[in-house]
Amino acid sequence: MHPPSPTSSPTSSLPTAAPFPGLVDGRGALSGAVTSALRSGSAPRYATGAVTSADAWGEDLQLALYLLYELHYRGFDGVDDAREWDPELLRLRRAMEGRFLDAVRGELPDVPRTVAEAFAPLLVEPVDLTGSLSHRLETDGELWQLREYAALRSLYHLKEADPHVWVIPRLTGRAKASMAAVEYDEFGAGRADRIHARLFADLMADLGLDPTYGRYLDHAPAPLLATVNLMSLFGLHRALRGALVGHFACVEITSSPGSRRLAGAMRRCGAGAAAEHFYAEHVEADAVHEQVVRHEVVGGLLADEPALEADIAFGCAATVLLEDRLADHIRDAWDRGGSVLRRPLA
């Protein structure tokens with residue numbers, strides 16, 4: 001089992017020895033079954049048909065998936081590491097993954113079949129940025145909204161690039177070498193203080209947020225959990241290696257312009273030097289990464305396995321779909337004058 005988690009000051013940077021996150025309470029039958037199983041060490045107990053009747057986009061199924069995926073990252077405080085490969089938990093996870101993937105595919109009836117078709121809309125900056133969340137934050141965002149946005153995004157950014165590493169052993173030649181080169185940059189190019197997860201922890205400290213890994217899981221709604229679950233799903237399945245590469249390429253292509261706007265938002269709101277630096281760092285780095293990923297990682301993979309082109313296109317389209325769903329959820333909440341979080345920030 002993991003040792004008890006050390007405490008962390010809300011204004012500290014990412015701890016040198018990162019704590020294991022604590023379990024949160026379930027939000028329904030499935031996530032409740034997972035948390036109970038992990039706390040007790042027993043098999044998950046849930047009704048026959050619970051997965052098929054669950055809302056694939058809902059809080060219950062998305063939290064249950066997130067908890068099970070987290071066993072492959074850092075696990076949970078007090079939970080035996082061996083539960084990562086518990087067959088009953090894996091059986092439940094597999095059933096929920098099927099529901100989730102079916103729902104994603106169901107929202108993409110006209111999914112692109114080629115890389116060119118999938119990437120083309122992403123390579124041109126839209127003239128009208130009205131629907132862009134980063135544009136809204138840059139022009140009209142308030143500090144409380146930046147804090148909410150950072151708390152949500154921390155569920156990925158405190159493990160930034162981790163799910164994409166899983167694809168490296170599944171690649172060869174150009175694709176493998178180039179993917180490893182990009183990931184090397186994501187992990188600080190050999191410098192612990194420049195690991196992107198560390199830079200995001202510093203951003204959180206500037207915003208008065210707790211940078212402890214997994215701290216805001218209980219605050220995050222289903223649309224945010226789904227964005228992280230998608231990359232975990234793609235990363236853990238070798239059969240979905242093309243989709244993961246498509247996901248990664250989509251992220252790198254869209255990151256630089258959005259990061260430029262978010263750096264402006266942090267600067268305008270006086271969020272702090274570290275808060276601005278995180279996004280400023282991504283403007284330059286991801287502009288370079290985009291070229292490497294598109295031409296060398298994607299190009300290399302297509303040269304080695306041309307049959308994966310439709311999977312790469314699907315991974316890109318699925319990423320756009322889930323990011324759009326999250327952006328709509330955030331805008332709807334803020335337009336009503338409310339919080340996007342399930343519970344208020346301290």
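Computed from a predicted structure; not experimentally measured.
Salt-bridge annotation for Asp25 and Arg39: present, with a side-chain N of the basic residue lying under 4.0 Å from a carboxylate O of the acidic one. In this structure, Asp80 does not pair ionically with Arg83, as no charged nitrogen and carboxylate oxygen lie closer than 4.0 Å. Comment: Arg342 engages Asp218 in a salt bridge, judged by a side-chain N to carboxylate O separation of less than 4.0 angstrom. A salt bridge links Glu97 to Arg93: at least one charged side-chain nitrogen sits closer than 4.0 Å to a carboxylate oxygen.
In this structure the side chain of Glu88 never reaches within 4.5 angstrom of the side chain of Arg45, judged on heavy atoms. Counting heavy atoms from C-beta on, the side chains of Leu301 and Leu171 come closer than 4.5 Å. Considering only heavy atoms from C-beta on, Val288 stays 4.5 Å or farther from Asp185 through its side chain. Counting heavy atoms from C-beta outward, Val79 and Phe20 have side chains that stay 4.5 Å or more apart. Between Glu183 and Phe248, some side-chain heavy-atom pair lies under the 4.5 Å cut-off. Counting only heavy atoms from C-beta outward, the side chains of Leu341 and Tyr216 never approach each other to under 4.5 Å. Between Met266 and Phe278, every side-chain heavy-atom pair lies at or beyond the 4.5 Å cut-off. Within the 4.5 Å cutoff, the side chain of Leu225 has no heavy atoms near those of the Trp57 side chain.
The only member of Leu321, Asp102, Leu322, Asp324 that meets side chain to side chain contact (heavy atoms under 4.5 Å, CB included) when paired with Glu107 is Leu321.
Grouping the Ile, Leu, Val, Met, Phe, Trp and Tyr side chains by contacts below 4.5 angstrom, directly or via other members, places Leu233 apart from Leu90. Under a hydrophobic-cluster definition in which Ile, Leu, Val, Met, Phe, Trp and Tyr are linked whenever side-chain heavy atoms come within less than 4.5 Å, directly or via other members, Phe119 and Val251 are assigned to different clusters.
Taking every heavy atom of both residues into account, Asp140 and Arg268 meet most closely at C-NH2, 3.5 Å. The two residues Val34 and Ala64 have their closest heavy-atom pair at CG2-CB, 4.1 Å.
Sequence neighbours left out, the pairs with a member in residues 166-187 that pass ring-ring contact (aromatic ring centres under 6.0 Å, His included) are Tyr73-Trp166. Applying the side chain to side chain donor-acceptor pair (under 3.5 Å) definition to pairs two or more places apart or across chains, none involves residues 309-321.
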Practice task
Please assess Asp55 against Asp60 for the test side chain to side chain contact (heavy atoms under 4.5 Å, CB included), listing each intermediate value before the final yes or no.
Solution key: CA-CA 8 Å; Asp55 178 2; Asp60 186 31; over 6 Å; no
Exercise for the section: Using the side-chain hydrogen bond (donor to acceptor under 3.5 Å, both in side chains) rule, take Glu252 and His164 through it: C-alpha gap first, then chi angles, then the decisive distance, then the call. Expected result: CA-CA 12 Å; Glu252 296 300 325; His164 300 112; over 6 Å; no
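Not counting sequence neighbours, the partners of Glu70 by the side-chain hydrogen bond (donor to acceptor under 3.5 Å, both in side chains) test are Lys159, Tyr213.
Using modelled atom types, no side-chain atom of Arg325 and backbone atom of Thr227 make a donor-acceptor pair closer than 3.5 Å. Remark: the backbone N or O of Ala192 is not paired with any side-chain donor or acceptor of Arg198 at under 3.5 angstrom. Side-chain atoms of Thr35 come within 3.5 Å of backbone N or O of Gly32 as a donor-acceptor pair. Checking side-chain atoms of Glu290 against main-chain N and O of Ala249 turns up no donor-acceptor pair under 3.5 Å. Under the 3.5 Å distance criterion, the side-chain polar atoms of Glu148 are matched with a main-chain donor or acceptor of Val340.
Heavy-atom neighbours of Arg113 CZ from other residues, nucleotides or ligands within 6.0 Å: at or below the threshold of 12.
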